[in-house]
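So the structure is just underneath, and the comments pick up after that.
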Amino acid sequence: MMKKGLLVLSLSAGVAAHAQNVATAGTTQDLLIQKLTQVQVGLAPADPARVAVLLRLADLHAERARQLSMKELADGCVVCKAGEKDRQKALSYYSEALTKVSASSAAKVHLQMGHLYELQGQNDLAEKSYLAMLSSSSSPVEMAEANLSLAEMAFRKSDFTKAEALYGKVLATEGASSQGLAAYRKAWCAFRMNNLDSSLVQLEEILKNPKLQSRMASGRGVADPQFLEEVSRDMATFMAARGIKDGDAEKLYSLSPEAFKLQQVTLLAREGLRLGQKEATLKVWDFVYQKQADVKGRLEAQVRMAQLHFDLKNTAAAANAYQMGLSLWGATDCTLSSCEESAKGLRQFVVGWNRIENAKPSAELLTAYDEYFKVFSDDEDMYVWGAQAAAQANQYAQAATWTALANKVILAEYQGEKDAAQQKALAEKLEKNLLLGIENAEKSKDEALLASAQEDYLQKSVLKQKTFDVQYQKAYAVYQKGNYPVAAEQLRQLAVEGKGPRQIQIQAAELSLDALAILKDDARIQQWASDYATKFADKKAEFQHVQQKSILTQSAKLAAAQPDQALAALASFSPAAASAEDRKIYLKNKILLNEKLNKITEARVAVEDLLRETTLTAEEREFALGRKVWFAELELDFATALKAAEQMQFGSLSQDEKVLKLALYSELADKDPKNYYSQYLKQSKDAEKKALIATQLIRLSKSPVKDLETYKPYFKDNAGLFARASLEVYGMTGDKKVLEKALKEKGSNKQDAFVMIEKIMILGDVKALEAQVAAHQLDTKNQNTIASSLKARVKLLEKVDALANRAIASGDFSSQLLALQLVSKENSRFYNEVLSLPMPAGLTPEQESEYLTILSQQVAPNQNTATMADAKLKEFWEQKSTLDSYKAFSTQNSEWAKYIVEEVNAVAAVAPEAQKASWTALAADIKASEMSQQKPSLAELEKARTNLKQNPFAAAAIQEALTLEKKAQRKSMVEYLESRLASLEKKDSEVKGNQQ
């Protein structure tokens, strides 16, 4: 390879001049070499003339080698070997002459041999030659030549440190040739060693210093434009590699040769763009734009600036630059091929923008597409991509418009294409875009645009793959406009007579049925569905399902006003031909209609049919079980109701409510509800309701006294309810200990149940003590028996007083009245009996008088007690509201009628004559009321229940059964019937409200 800028030098000026004169004549050169070779052969080795001949022959061979190499290069050689033999010959002559020339000439020989060795690829020998020259007595200029050659060799080996030092020696040698080249190479060394600022300073020096503005010495002081163009171009490269700074563009512009100023700044801009220096590069492109007189150059600048602005998130500036670029394109004679890069840039700007906004294209992007199409109206791909972006932005009308333009371009290409394979590809592409145009037009909701797109397909499609589909769409458009009578007929015609894809025919059939459904033409639905079931065998089941659904629809229309006819319409339904879903609807409707018509037995049968369906959802199964429970209730079949309810989820009820419901059904079904009630007690947090449940468990218990104690903790916050439960247990067992325990829980409680318990306890004690006192008689056999019996009577009277105090403390009217009555009666009796005792024997009259006085004084307190009791009794009997209070109490607590009657009779027995009749009448009334609540006979109950089964929604039937159940004291049944009656009354009220 030849070294750029170096020449093979001749050692003999005369020989060199002669060789130059005959260089154009190859045969002359060859002849001269031949003659001199013969001369050289004929000269003795020691002949002084031999040196000059050797040098001349060496020069001639070197020159011929150069010429052969140049010719070979001109011929386009790949592996270039021409001139190798001549160079080798020249080296052999130089080597022989080297031993005989003077020291001053030896330097030139070494230099020439170094060049030839390099050309031969023998770098080691070349380096030795250059070093030998440096060690000889060479002139500084000659040494600079050697240093330059060594520097070039180091440069090619990428030993830039060594090369830089050698180039420095060349530059330091005054008068050295090729200093421009040395300076240029030295700058590259700095660049390669990443000393970018230094490299730029050195290139700037070359561009400013006239001594360095040519490669060769012959050009010193004369600028070489080509060399300066190369230096300024590299300066642009170095600036970009360093990182473009403010002012770089201006400096490069000022230093570059006039003819290359804008070219080099443009290169700087491109390099900065390539290296991703967006902000700095943007300024350089703007500099180019401002300096550029050529429209195409300005076009490129605006295109680049548009992309850079966009990359820097300055969308507005990017769009402005893009718009200016499009405007400049129109001002040029550019074509897609002549201005390919700018065209690509404008296109890529929009495509890149689209790629970034792929998920959500902006209005600005769509505007960019629109502006692009005004300039490039035949870019089908851009039309397609623009349409996609518009569709993504929900601008379907715009998408359809651009798709139509794309189709126009594609069709033109198809018509002009001669290659069959390309035609096929274009036809397929056209087909796809025509259909896409229809799709976008559909989404645009623009009827005119859709009609245009459909017509576009019918006229432009080559493959006609979707012609039937488009015809179907047209019919469907009629359907969408609401012209259902026409749409139904057109769609039926496509379904029955059309020759399109079977699936579309089926869709047409289905849509025709939808149109009839909108028209509520159930008769034709039934007929057409039957026809379609025959035509489309593989869809027979579906159309039969439609047929069955039409029956359901007809029934549903009649259900509200004519339930009997709705039920009759269901008779034509064929469950075997219906879908599972429709079968379930059929059974649900059958259940509800039979229920509405009070055909409970039929409704129960339908429920069982529904429960046998295997596809029931949890919600549907819940519905069926719920109706089963309800119908069982209506027929008072609580065993069935319980069994079904146990399978239900009762999603609308809380867990507590569900357990209570199951417990109620258990009681109504005469089954033990204890498990459910116990479960409730464990899980519920409602203390009041838990106390009620505990009462019910006690009521149902076979060991009420024991269970009263067991469930006592549930009454800790409701002593009154515990008292009532205790009264019920007392009523069942007669065990007064139950009442005694209850009274211990009273505290300050004043509820009726505690009042009643105290009444029972005190009145019972009064009755018992009264009998005991009344049976006691004073024994008058002798003084000892008299004294003993008196003491016993006093003790009894003390008990009477204590009982009276207890009664007074209770504050109860009857308890106080009867206790005071006993106090009055027994103290008076005692007083009279004591005064009537016989006189002790042997007393004188005076002693008898004294005895009577003492005795009278002893029993005077008893007389006073009786008097005070009588006075208090008078106050009690003067109370006017007492009778009314008793009436109210008995009414409010009818369950204690038995105890109240006993109490009132006891009061009536001691009442003054004026009030005796009133109290006796009250006792009779309470007794009568109690008698009216006597349990009805089984026959009476069964009759009422049968009536209720036959008339489940009659309030009178419910009320009749409720009354008897109350008398039968079936509390669970009473609770159930009261709930049913309340629900019926609420429903009647809602119906009346709706009618108003």
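We number each residue from 1, following the sequence as shown.
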Leu282 vs Met305, side chain to side chain contact (heavy atoms under 4.5 Å, CB included): CA-CA, chis, key distance, verdict:
CA-CA 6 Å; Leu282 179 61; Met305 289 166 68; 3.9 Å; yes

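- Side-chain atoms of Tyr396 and Asp446 form no donor-acceptor pair, as typed in the model, at a separation below 3.5 Å.
- Distance CD/Glu300 to SG/Cys334: 10.5 Å, rounded to 0.5 Å.
- For Thr367 (side chain) and Ala363 (main-chain N/O), a donor-acceptor pair under 3.5 Å exists by modelled atom type.
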Passes ring-ring contact (aromatic ring centres under 6.0 Å, His included), Tyr479 versus Tyr476? Steps please.
CA-CA 5 Å; Tyr479 172 89; Tyr476 181 63; 5.7 Å; yes

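- Within the structure, every pair that satisfies the side-chain hydrogen bond (donor to acceptor under 3.5 Å, both in side chains) test and touches residues 309-322, not counting sequence neighbours, is listed here: Gln307-Asp311.
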Passes salt bridge (charged side-chain N to carboxylate O under 4.0 Å, His left out), Asp531 versus Arg524? Steps please.
CA-CA 10 Å; Asp531 294 343; Arg524 279 205 293 174; over 6 Å; no

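- Across Asn440, Leu434, Ile438, Val384, a single residue satisfies side chain to side chain contact (heavy atoms under 4.5 Å, CB included) together with Thr403, and that is Asn440.
- Remark: Thr553 OG1 to Asp522 CG distance equals 5.5 Å, nearest 0.5 Å.
- Counting all heavy atoms, side chain and backbone alike, Ala569 lies closest to Leu558 at CB-CD1, 4.4 Å.
- Taken to the nearest 0.5 Å, the CG atom of Leu494 stands 13.0 Å off from the NZ atom of Lys499.
- When all heavy atoms of Phe953 and Glu595 are compared, the pair lying nearest together is CE1-O, 4.3 Å.
- Using modelled atom types, one side-chain atom of Gln548 and one backbone atom of Ser574 make a donor-acceptor pair closer than 3.5 Å.
- At a cut-off of 3.5 Å, with distance as the only test, a side-chain donor of Gln473 or Glu442 sits close to an acceptor on the other residue.
- Residue pairs meeting the side-chain hydrogen bond (donor to acceptor under 3.5 Å, both in side chains) criterion with at least one member in residues 405-419: none, sequence neighbours excluded.
- Contacts classified as side-chain hydrogen bond (donor to acceptor under 3.5 Å, both in side chains) and involving residues 324-336 (residues at least two apart or in different chains) are given here: Lys296-Asp333, Thr335-Ser337, Thr335-Ser338.
- Checked by atom type and distance alone, the side chain of Ser555 never pairs as donor or acceptor with a backbone atom of Ile551 at under 3.5 Å.
- The shortest non-hydrogen separation linking Ala645 to Phe650 is O-CE1, 3.4 Å.
- Around the NZ atom of Lys599, the shell of radius 6.0 Å holds no more than 12 heavy atoms that belong to other residues, nucleotides or ligands.
- For residues 396-489, the set of pairs meeting the disulfide (SG to SG under 2.5 Å) definition, not counting sequence neighbours, is empty.
- Between the CZ atom in Arg304 and the NZ atom in Lys278 there is a gap of 13.5 Å [rounded to 0.5 Å].
- Note that CD of Glu542 and CD of Glu510 are 8.0 Å apart. Values are rounded to the nearest 0.5 Å.
- Salt-bridge annotation for Arg492 and Glu489: absent, with no side-chain N of the basic residue lying under 4.0 Å from a carboxylate O of the acidic one.
- The aromatic ring centres of Phe349 and Trp353 sit less than 6.0 Å apart.
- Looking at Asp381 and Lys429, a side-chain N of the basic residue comes within less than 4.0 Å of a carboxylate O on the acidic one, giving a salt bridge.
- In summary, the side chains of Gln649 and Arg621 do not present any donor paired with an acceptor at a separation below 3.5 Å, with no hydrogens or angles considered.
- Looking only at distances, no side-chain donor or acceptor of Asp370 sits under 3.5 Å from a matching main-chain atom of Leu366.
- Listed by first then second residue, pairs satisfying salt bridge (Lys or Arg N to Asp or Glu O under 4.0 Å) with a partner in residues 451-478 read Glu455-Lys474, Asp456-Lys460, not counting sequence neighbours.
- Counting only distance, with no hydrogens or angles, the side chain of Glu357 and the backbone of Ser362 share a donor-acceptor pair below 3.5 Å.
- Every residue meeting the side-chain hydrogen bond (donor to acceptor under 3.5 Å, both in side chains) condition with Tyr665, not counting sequence neighbours, appears here in chain and number order: Glu633.
- For the 3.5 Å distance criterion, the side chains of Gln547 and Ser530 fail to qualify, holding no donor opposite an acceptor.
- By the 6.0 Å contact criterion, CD on Gln480 is enclosed, its count of non-hydrogen atoms from other residues, nucleotides or ligands being greater than 12.
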